[in-house]
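Reading through the structure tokens given below for one structure.
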Amino acid sequence: MDDLYRRLPPTGFAPRAGELHAEGVPLSAIAAAVGTPVYVYSAARLRERVRALKAAVGPLGVAVHFAMKSNANQAVLALMAAEGIGADIVSGGEMARALAAGMAPRHVVFSGVGKTAAEIAAALDAGLHQINVESFEELRLVDEIAGAKGRVADVALRVNPDVDAETHAKITTGKKDNKFGIDASTLGRLDNEVKALPHVRVVGLAMHIGSQIMTPAPFLTAYGRVAALAEELRRKGYPLTRLDLGGGFGIPYENELEFSFADLADAIRATVHGRGFDLSIEPGRSLVADAGILLARTIFVKDAGGMHFLVLDAAMNDLVRPAMYEAHHDIVPVRIPAPAAPTVEYDIVGPICESSDTFAKRRRLPALAAGDLVAIATAGAYGATMSSTYNARPLAPEVLVDGTRWATVRRRVEVAEQIGWDQVPDWIGPAKPGQRAAE
Ligand SMILES: *Cc1c(COP(=O)(O)O)cnc(C)c1O
């Protein structure tokens with residue numbers, strides 16, 4: 001069990017002095033102060049990832065827009081802005097969050113297959129850098145809204161390069177049977193479409209073929225296709241100056257080999273660099289995933305039917321990835337076990353009334369007891385942003401650690417507050433405390 005902590009980046013989370021720390025802060029101190037479950041992020045690791053990516057692609061002139069659907073906490077966004085990167089948003093809500101965190105509108109790109117008229121209008125009013133348009137229907141809507149404002153909107157067309165990203169079916173987006181983007185073979189229609197639309201200016205192409213892609217091969221193919229398409233459109237007279245290459249760069253959750261930012265830079269160099277385009281990328285997961293953990297406490301160790309269940313106080317509403325994508329997350333004890341500690345094979349589950357509320361099956365860990373803390377690793381991306389209040393559970397808080405300092409960056413949203421979100425109409429009558437159904 002000596003490589004128990006191998007999935008945790010040492011800059012962010014390291015075992016020492018008897019227990020796992022987030023940078024300079026013992027995790028037990030955070031649990032004692034804030035309670036569990038709680039997301040804990042490492043500012044040093046976030047910065048390290050952003051700087052590594054910028055070191056790799058910066059020399060190629062590639063701008064970075066953080067795909068904030070992976071982690072939209074205001075403190076994380078403010079850190080990203082301070083590191084000099086922008087945001088890729090997929091909703092009006094994300095636009096509001098990005099701008100509130102101090103992102104400059106000219107560093108924000110709006111992606112997404114179903115932008116509403118209100119969202120498009122808000123994007124134009126805010127002066128975002130670019131709208132990535134995903135269909136001819138959307139192109140006409142943007143034209144209409146920009147026209148009503150007496151404006152011309154800069155748009156990039158998201159094309160679907162029909163590349164198999166070889167990732168989980170629920171997160172692949174670049175095959176032609178996906179809902180995303182404009183099928184490259186229908187771009188021939190563009191001439192007729194765009195001539196009739198005076199209030200949009202097609203300034204670039206965009207693409208995004210999926211998430212958690214572990215090898216450069218799908219990117220090489222897709223970037224090559226997009227570059228060829230862009231040059232074809234240029235020959236037809238379109239003033240294309242921008243290529244948005246999307247995100248999707250994978251990270252190891254279990255035994256995968258690391259996807260290196262150097263390989264990404266090589267793929268860009270080999271395909272799209274030096275052809276006169278302003279280049280940008282939209283990474284989410286690769287910047288934040290391993291900079292976060294979900295800290296939870298064991299409620300029970302339940303032995304039943306020859307099985308050992310570790311019942312945690314975290315559940316699928318806090319971190320849905322295992323239930324939704326069959327995702328693997330390493331789970332480690334916060335107290336460092338003795339070298340010869342006995343081990344047990346656990347099913348690690350949450351308290352929610354669904355069998356899918358399972359974080360791991362048959363996971364061998366040092367023996368744990370009720371009350372022990374565990375860290376669910378690699379939970380910084382698509383964790384808190386996908387959390388819900390299912391089973392009337394509080395929304396888990398988020399904590400940011402920076403050296404020996406730490407702060408709660410989202411407080412726990414308690415159930416008392418959630419009850420106030422609902423309203424009982426008059427004709428039902430006010431809920432009477434203590435009244436039982438049988439009365
Ligand atoms: C989700 C998404 C991304 C980010 O994907 P990651 O796998 O987190 O890097 C980038 N661009 C678009 C359009 C997306 O929908």
Side-chain angles (χ1 to χ4, degrees), residues 46 49-50 52-53 56-57 62-72 76-77 80 85-91 93-95 98 108-115 119 123 128-135 138 155-161 163 165-175 178-182 204-216 218-219 222-223 226 242-253 256 258-261 263-264 267 279-292 321 324-325 327 378-386:
L46 290 169
R49 291 300 284 170
V50 175
L53 180 60
V57 303
V62 179
V64 179
H65 299 126
F66 171 55
M68 58 178 280
K69 72 175 190 282
S70 62
N71 190 318
V76 171
L77 295 175
M80 296 293 180
I85 68 175
D88 176 74
I89 63 166
V90 292
S91 71
E94 287 193 352
M95 182 175 92
V108 177
V109 170
F110 197 169
S111 300
V113 72
K115 303 175 200 78
E119 288 175 324
L128 301 192
H129 177 61
Q130 158 183 314
I131 297 177
N132 289 350
V133 165
E134 299 221 10
S135 63
E138 184 184 347
V155 304
L157 299 178
R158 177 166 173 183
V159 293
N160 188 325
V163 172
E166 291 164 18
T167 184
H168 191 283
K170 287 184 186 170
I171 51 175
T172 188
T173 59
K175 293 275 291 168
N178 294 130
K179 70 180 176 183
F180 299 98
I182 297 171
L205 295 184
M207 56 155 276
H208 173 71
I209 54 174
S211 196
Q212 185 55 8
I213 299 166
M214 295 310 297
T215 65
F219 296 112
Y223 295 171
V226 167
R242 303 179 192 168
L243 291 183
D244 177 343
L245 302 172
F249 321 121
I251 55 114
Y253 284 90
E256 304 93 327
E258 183 142 3
F259 175 91
S260 90
F261 289 153
D263 285 351
L264 171 66
L279 301 174
S280 61
I281 53 175
E282 307 164 345
R285 185 192 312 272
S286 53
L287 297 183
V288 292
D290 73 5
R321 299 190 67 260
M324 191 155 163
Y325 310 118
T378 332
Y382 305 103
T385 51
M386 296 182 88

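Numbering of ligands and ligand atoms starts at 1, following listing order.
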* When you measure from the side chain of Arg285 to the backbone N and O of Ser70, does any donor-acceptor pair fall under 3.5 Å? ->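 Not confirmed, Arg285 side chain does not pair with Ser70 backbone.
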* Sub-3.5 Å donor-acceptor pair from the side chain of Gln212 to the main-chain atoms of Ile251, do we have one? ->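 Answer holds: yes.
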Within a distance under 4.0 Å of any heavy atom of [X], pick out the atoms of ligand 1 and give their elements.
X: Ala67; answer: 3 (C), 4 (C), 10 (C)
X: Tyr382; answer: 1 (C), 4 (C), 5 (O), 6 (P), 8 (O)
X: Ser111; answer: 13 (C)
X: Arg285; answer: 6 (P), 8 (O), 9 (O)
X: Pro283; answer: 9 (O)

* **Parallel, tilted or perpendicular, as decided by the 30° and 60° cut-offs, for the rings of Phe259 and Phe249** =>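 Parallel, since the angle between the ring planes stays under 30°.
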Is there any N or O on [X] that sits under 3.5 Å from an N or O of ligand 1?
X: Gly248; answer: yes
X: Lys69; answer: yes
X: Gly284; answer: yes
X: Arg158; answer: no
X: Ser211; answer: yes

* For Ser111, all residues meeting side chain to side chain contact (heavy atoms under 4.5 Å, CB included), sequence neighbours excluded ->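 Partners of Ser111 by the side chain to side chain contact (heavy atoms under 4.5 Å, CB included) criterion, ordered by chain and then number, come out as Asp88, Val90, Val109, Asn132, Glu282.
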* Sequence neighbours left out, what passes side chain to side chain contact (heavy atoms under 4.5 Å, CB included) with Ala63? Give chain and number order. =>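 Applying side chain to side chain contact (heavy atoms under 4.5 Å, CB included) to Ala63 gives Ser280.
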* Heavy atom of Gly246 under 4.0 Å from ligand 1? ->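 The answer is no: ligand 1 sits nowhere under 4.0 Å from a heavy atom of Gly246.
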* So which heavy atom in the protein is nearest atom 10 (C) of ligand 1, and how far is it from that ligand atom? ->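 Looking at atom 10 (C) of ligand 1, the protein heavy atom closest to it is Glu282 O, 3.1 Å.
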* To do: For atom 5 (O) of ligand 1, grab the closest protein heavy atom and report residue, atom and distance to one decimal in Å.
  =>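 Sorting protein heavy atoms by distance from atom 5 (O) of ligand 1 puts His208 CE1, 3.4 Å first.
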* Asked: When you look for heavy atoms under 4.0 Å from ligand 1, do you find them on the side chain of Asp88, its backbone, both, or neither?
  ->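 For Asp88, only side-chain atoms sit under 4.0 Å from ligand 1.
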* Contact check, side chains of Asn71 and Leu46, non-hydrogen atoms, under 4.5 Å ->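 Side chain of Asn71 against side chain of Leu46, heavy atoms only: no contact under 4.5 Å found.
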* Asked: Would Tyr253 and Tyr325 count as a close aromatic pair, with their ring centres under 6.0 Å?
  ->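 Tyr253 vs Tyr325: aromatic centres not under 6.0 Å.
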* What pair of heavy atoms forms the shortest contact from Ala381 to Val288, and how long is it? ->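 For Ala381 and Val288, the tightest heavy-atom pair comes out as CB-CG2, 3.7 Å.
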* To do: Please determine if Glu138 and Lys115 form a salt bridge, counting it only when a charged side-chain N lies under 4.0 Å from a carboxylate O.
  =>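 Yes, Glu138 and Lys115 are salt-bridged.
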